[in-house]
Q: 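I'd like to ask you about the structure that follows.
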There are 2 protein chains.
Amino acid sequence: MEISYTEENYLKAIFKISEQDGKPASTNAISSEMNTSAASVTDMIKRLSDKTLIHYERYRGVTLTKRGEQIATHLIRKHRLWEVFLVDKLHFSWDEVHEIAEQLEHIKSQRLVERLDEYLAFPKFDPHGDPIPDADGNFAIRKQALLMDFQPGEQGIVVGVQDHSTTFLQYLDRMELVLGTPVELLEYFEYDESMRILINQKREQVLSKKVCQNLFIQKR
Amino acid sequence: MEISYTEENYLKAIFKISEQDGKPASTNAISSEMNTSAASVTDMIKRLSDKTLIHYERYRGVTLTKRGEQIATHLIRKHRLWEVFLVDKLHFSWDEVHEIAEQLEHIKSQRLVERLDEYLAFPKFDPHGDPIPDADGNFAIRKQALLMDFQPGEQGIVVGVQDHSTTFLQYLDRMELVLGTPVELLEYFEYDESMRILINQKREQVLSKKVCQNLFIQKR
DNA sequence: ACTATTTTTTAGACTAACTTAAAAATATAT
DNA sequence: ATATATTTTTAAGTTAGTCTAAAAAATAGT
């Protein structure tokens, strides 16, 4: 049974929404994620349901079947592996790779994914710190906390971002807050909820609330 | 102006036919190359013509405009660069890469192509010996002749194939007639138009007419 | 030059994916 | 509990790309 490019994107959207919200994806949530009308979503839901890729009860939201979830995680796997390729091998920066990987994730070839994975030395995380699922769809879990939730004195290293926007990634580049950078929380300012941190054991920097809410740190 | 995946494939087909036949591509030739009906081709011709990607006069055949040709050669460039990547970096064999490259050639990103080209050290030929056009669409020309047209005593090295079928490529692998292999024509048999050749200065082998017609050799 | 064959185009219809507008079902609020 | 608001679905229509069957144009044979 053939699955189209478009159907793949819907499955990915449904996976993302379910993961975020922890409940079935609503028609509106999907239409917003896909930038299409709610009517188009209802239409597509029928097709995906006919192909037993989703569970669907009208007015009740959508969840993925085993097969639908397998397709979605495989897309995520390919997307993130290609991102690693683009950054590690072709020297793109982490804020440039999403759109290209969005296309590359649809390339169909089991062997290609396996070889690429091997070529990249079986990476477990992509350039933004997001886990790369294995061929069975299992994600590595990393203990990580938002910088926001740290207490003064606690240390850790930058392992990921919550916000994947280009502007945020470029901001982090300027601040030299790339993945793997050691940080220590020095001081919390109640006034504007900003934080003063020590970057790389040498530079001090004050970060806004918004930044602290979007930066994942692994405690050590 | 957006050009679809399908439109790109039509442009590539038209380029290929014009190149082979040296004259405008007929509706039937295109429908045969694309595995679609002649009616579908007529339809698509109108669309491509509206987008000024082809010159079209009804019942007269189709030629590419400058812009159409530029798109076609750029697709070929991407296709062949990806083939080099798959063979050189991911260790695919030359008979496995066509289908995957057929998908990869549609990935849209100027920067990606440039970086890939650089990463592969600016190759001028793909794994089948076909020339890779540069960013302006210029193909390197290599003096090559079919083994068929050699005289006994003449020597050269294998530089390409006319027939790109999996079976032929696998046959060549078995015979150790890969790109770069030195060969010498020892004897021509008029009876069945077969040829006895010396491979790699050590092994003798008789090749059928069909093989000799499909193997490009650079004389030396 | 006229008939026969081949090639190309037109006509009409299908599917996937999309839209807007209206109707129906569900959820919320007083 | 009923009115209001929100969400979802249905209805009807569009576009790209495809098809088959029939018509029209071009080519070829005697």
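The analysis underlying the following values was restricted to heavy atoms, covering all of them including side chains, and did not include hydrogens, waters or symmetry mates. So you know, we letter chains A, B, ... as the sequences are listed, proteins then strands, and number each from 1.
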Q: Looking at A/K46, does any N or O in its side chain come under 4.0 Å of the phosphate oxygens OP1/OP2 on D/dT10?
A: yes
Q: Any donor-acceptor pair under 3.5 Å linking the side-chain atoms of B/D95 with those of B/H164?
A: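 Checked: B/H164/B/D95 side chains show no N/O donor-acceptor pair below 3.5 Å.
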Q: Would a distance-only check, ignoring hydrogens and angles, find a side-chain to backbone donor-acceptor pair under 3.5 Å from B/R115 to A/H91?
A: yes
Q: So A/W82 and B/W82, would you call those rings parallel, tilted or perpendicular, with 30° and 60° as cut-offs?
A: perpendicular
Q: Considering just the side-chain nitrogens and oxygens of A/R47, establish if one lies under 4.0 Å of OP1 or OP2 belonging to C/dA16.
A: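 No, because none of the side-chain N or O atoms of A/R47 sits under 4.0 Å from OP1 or OP2 of C/dA16.
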Q: May I ask you to evaluate whether B/Y56 reaches the phosphate of C/dT9, defined as a side-chain N or O under 4.0 Å from OP1 or OP2?
A: yes
Q: To the nearest angstrom, how far is B/M44 atom CE from D/dA16 atom C1'?
A: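 It is 8 Å, rounded to the nearest whole Å.
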Q: Can you tell me the distance, in whole Å, between the CZ atom of B/R60 and the P atom of C/dT8?
A: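 Going from CZ in B/R60 over to P in C/dT8 covers 12 Å.
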Q: Between B/R77 and B/E105, is there a salt bridge with N-O shorter than 4.0 Å?
A: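 No.
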Q: Any protein N or O atoms within reach of nucleotides 19-25 of chain D? Criterion: under 3.5 Å, listing atom names and distances.
A:
from	atom 1	to	atom 2	distance (Å)
D/dC19	OP2	B/S37	N	2.9
D/dC19	OP2	B/S37	OG	3.1
D/dC19	OP2	B/S40	OG	2.4
D/dA25	O4'	B/Y59	OH	3.2

Q: Give, ordered by number, those residues of residues 1-30 of chain B having at least one heavy-atom distance below 4.0 Å to an atom of DNA chain D; if nothing qualifies, reply none.
A: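 Under 4.0 Å from DNA chain D: B/S4, B/T6, B/E7, B/Y10.
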Q: Using modelled atom types and a 3.5 Å cut-off, is there a donor and acceptor pairing between side-chain atoms of A/D136 and backbone atoms of A/N138?
A: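 Checked: no pair found.
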Q: Got a donor-acceptor contact below 3.5 angstrom from the B/R80 side chain to the B/P131 backbone?
A: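 Yes; at least one donor-acceptor contact below 3.5 Å.
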Q: Measure from NZ or CZ of A/K219 to the centre of the six-membered ring of A/F150 and say whether it is under 6.0 Å with the direction within 45° of the ring axis.
A: yes
Q: Could you give the CG-to-P distance, from A/D50 to C/dT15, as a whole number of Å?
A: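 Rounded to whole Å, this separation is 13 Å.
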Q: For A/D43 and A/R47, run salt bridge (charged side-chain N to carboxylate O under 4.0 Å, His left out): C-alpha distance rounded to whole Å, both residues' side-chain angles, the deciding distance at 0.1 Å, then the answer.
A: CA-CA 7 Å; A/D43 223 60; A/R47 269 194 289 279; 3.7 Å; yes
